[in-house]
Amino acid sequence: MNIKHALRKYFIMGSQNCNRDPERILQEALEAGITAFQYREKGAGALTGEAKIKLGERLRRLCSDYSIPFFVNDDVELVSKLAADGIHVGQDDVSVNELRTRFPDLLIGLSISNNDELKQSPVELVDYVGAGPVYSTHTKEDAKQAVGLPWITHLREHYPDLPIVGIGGINSTNAKQVLTAGADGVAVISAISKSTNIAQTIRAL
Ligand code: 3NM
C-alpha cells in the first residue's frame, strides 16, 4: 500500500454527515474511485456504543471489498474491533507515541494546524499529516480558523517527503489548488456525503 496514493481522494464520514443511507453513500464513493476512507462518527447526532460498532463493521467490509485502507477517527478501541488499517488523531487525542508502541504496524495520521503543533508533534512516527482547515468549514464543530494554502506549502517545504493531505472546506472546485500547493491528496466530508452526483464530484476532485 502506497500511502501517498491512498491520500489522493480520502473520504471521511459518519452517519451524522449523511442525509441518506451511509452504506449507499460509501458504496457510490468506492465505485467512483475514492482511495481511502475514515469512519468518523463524531459530533451532534453521532451514533455511540453498539450502533457505532455495527455501522463501522458494515463500512469496514465495504472498504475491504474495494481494497482501500480503512481508518477510524480517534477511537482506539475501534481499531481492533473493526480491524482498521489505520487511525487518525488530533493534537488532543491519544498520543502518537502511545499508539505507535501499542500498534507497531498501524497507519497513523495526525492533524497539524500550525507551527506550535508542528514543534510538539512526533512527525517521524506518523504515516501522514492532515493539514487544515485549508478553507473554512461548518462540518467540524470545533474547527480552527482556516489556515489556507500557505500552511500546505510551508509543510511541504520543510518536509519534502512527508505524506500530506489537505482537509477542511475542500470540494471539486478548489481541490486542484490544494494539490498544487504541495498536498498529496484531499480529505473531504461534505463535498462527497452531501453530493447529489457522487461520481461526478469524485472525478473532479
Ligand atoms: N478536520 P468538510 S476540518 C474533520 O482542520 C475535519 O483538522 C479538520 O469537513 C481539520 O470537508 C474537518 O465538510 C471537517 O469541510 C472537514
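Each ligand, and each atom within it, is numbered from 1 in the order the structure gives. In this text, all values refer to a predicted model and were calculated from it rather than measured experimentally.
Using cut-offs of 30° and 60° on the angle between ring planes, the pair W151 and H154 is parallel.
Here the CG atom belonging to L55 is positioned 6.0 Å from the CG atom belonging to L47, to the nearest 0.5 angstrom.
Within the set Q38, M13, K140, the minimum heavy-atom distance to atom 14 (C) of ligand 1 is found for K140.
Considering backbone and side-chain N/O atoms, P133 comes within less than 3.5 Å of an N/O atom of ligand 1. Polar contact check, T137 against ligand 1: a nitrogen or oxygen pair lies under 3.5 Å apart. Of the N or O atoms in G169, one or more lie within a sub-3.5 Å distance of an N or O in ligand 1.
At a heavy-atom distance under 4.0 Å, only side-chain atoms of R40, from C-beta outward, approach ligand 1. Counting heavy atoms under 4.0 Å from ligand 1, residue I189 touches it through both backbone and side chain.
Using a 4.0 Å cut-off between charged nitrogen and carboxylate oxygen, K52 and E41 do not count as a salt-bridge pair. By the 4.0 Å N-to-carboxylate-O rule, K81 lies too far from E77 to be salt-bridged with it.
Here the protein heavy atom with the shortest distance to atom 2 (P) of ligand 1 is T139 OG1, 3.5 Å.
Between N19 and K194, the side chains place no donor N or O within less than 3.5 Å of an acceptor N or O (distance only, hydrogens not considered). Side-chain contact of H88 with S111: a donor-acceptor pair under 3.5 Å is present, judged by distance alone.
Using a 4.0 Å cut-off to heavy atoms of G132, the atoms of ligand 1 that qualify are 5 (O). Within ligand 1, the atoms closer than 4.0 Å to a non-hydrogen atom of G168 are 3 (S), 15 (O), numbered from 1 in the order shown. Of all atoms in ligand 1, numbered sequentially from 1 with element shown, those under 4.0 Å from a heavy atom of V188 are 11 (O).
The shell of residues lying under 4.0 angstrom from ligand 1, judged by heavy atoms, excludes G130. Under a 4.0 Å heavy-atom criterion, I167 is in contact with ligand 1.
The two residues Y135 and G169 make their nearest non-hydrogen contact at CD1-O, 3.5 Å.
If you look at F71 and Y10, their ring centroids are closer than 6.0 Å.
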